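Source: prediction; values computed, not measured. Sequence lines set the chain letters: A, B, ... in the order given, protein chains first and strands last, and positions in each chain run from 1.
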Amino acid sequence: MKYWLMKSEPDVFSIDDLKKKKSSLWDGVRNYQARNFMRNDMHPGDCVLFYHSNATPPGVAGLATVSKQASADPTQFDKKSEYYDPKSSKEKPRWFCVEVQFKEKFKHFVSLEAIKQNLDLKDMLVVQKGQRLSIQPVEKKHFDKILKMALKP
DNA sequence: GCCAACGTTGGC
DNA sequence: GCCAACGTTGGC
């Protein structure tokens, strides 16, 4: 079992949206590194930190779990979608996405600032300079620490 | 809105 | 295969 951090802009799709839907395809990812994580490395049961990016404040808002193995991202075939990719085909899809399931919304939001201030978390990718990847692997010790911070501010 | 840090594209 | 130009991400 692995641990991940997945970024989403709450204006577009927030932890509350996932809570309402219960589960959702993580579609619209158009970055090869992030795609490779979903297609090759993410498996049902993996734990996901749901991160609010481009938010005030940014940070980890809750927990989700991978509920379905990666499959072709349907938005790439949809001409009306902003994620439509004319270079992709159903025979040879370019983009993949996993399904994630809501687990919990944190009692205490773990802000990016709090993560930055915690020395135990200084190696987390999300606090590294210039790290824009929207899906990142997370070490278990870091994952556990975030959970503790969510329990008690 | 700014802009640094990336990632992608396309001409050559 | 190089790399300049362009686009995007995301914190601030």
Q: Indicate the atoms forming the closest heavy-atom contact of A/Arg94 with A/Gln76, along with that distance.
A: N-OE1, 3.1 Å
(Q) Between A/Arg30 and A/Asp73, does any NZ, NE, NH1 or NH2 come within less than 4.0 Å of an OD or OE carboxylate oxygen? (A) yes
Q: For residues 12-53 of chain A, pull every pair meeting ring-ring contact (aromatic ring centres under 6.0 Å, His included), keeping only residues two or more places apart or in separate chains.
A: A/Trp4-A/Phe37, A/Trp26-A/Phe50, A/Tyr32-A/Trp95, A/Phe50-A/His52
**Q.** Those residues of residues 122-138 of chain A lying under 4.0 Å from DNA chain B by at least one heavy atom
**A.** A/Lys129, A/Gly130, A/Arg132
Q: Search all heavy atoms of A/Phe96 against all heavy atoms of A/Ala72 and return the closest pair with its distance.
A: CD2-N, 3.7 Å
Q | Audit row: A/Asp144, A/Lys140, salt bridge (Lys or Arg N to Asp or Glu O under 4.0 Å) steps and yes/no | A | CA-CA 6 Å; A/Asp144 291 343; A/Lys140 182 173 193 313; 2.8 Å; yes
Q. Where do A/Thr65 and A/Asp46 come nearest, in terms of heavy atoms and distance?
A. OG1-O, 3.1 Å
Q: Take A/Arg132 and A/Ser53 through the test side chain to side chain donor-acceptor pair (under 3.5 Å) and record every step on the way to the result.
A: CA-CA 10 Å; A/Arg132 309 183 313 183; A/Ser53 63; over 6 Å; no
Q) More 5' along DNA chain B: A/Lys87 or A/Gln33, using each one's nearest nucleotide? A) A/Gln33
(Q) Need two values: the first and the last nucleotide of DNA chain C, 5' to 3', having an atom under 4.0 Å from any heavy-atom of chain A. (A) C/dG7 to C/dC12
Q. Between A/Phe143 and A/Val60, is there a shared hydrophobic cluster once you connect ILVMFWY residues whose side-chain heavy atoms come closer than 4.5 Å?
A. yes
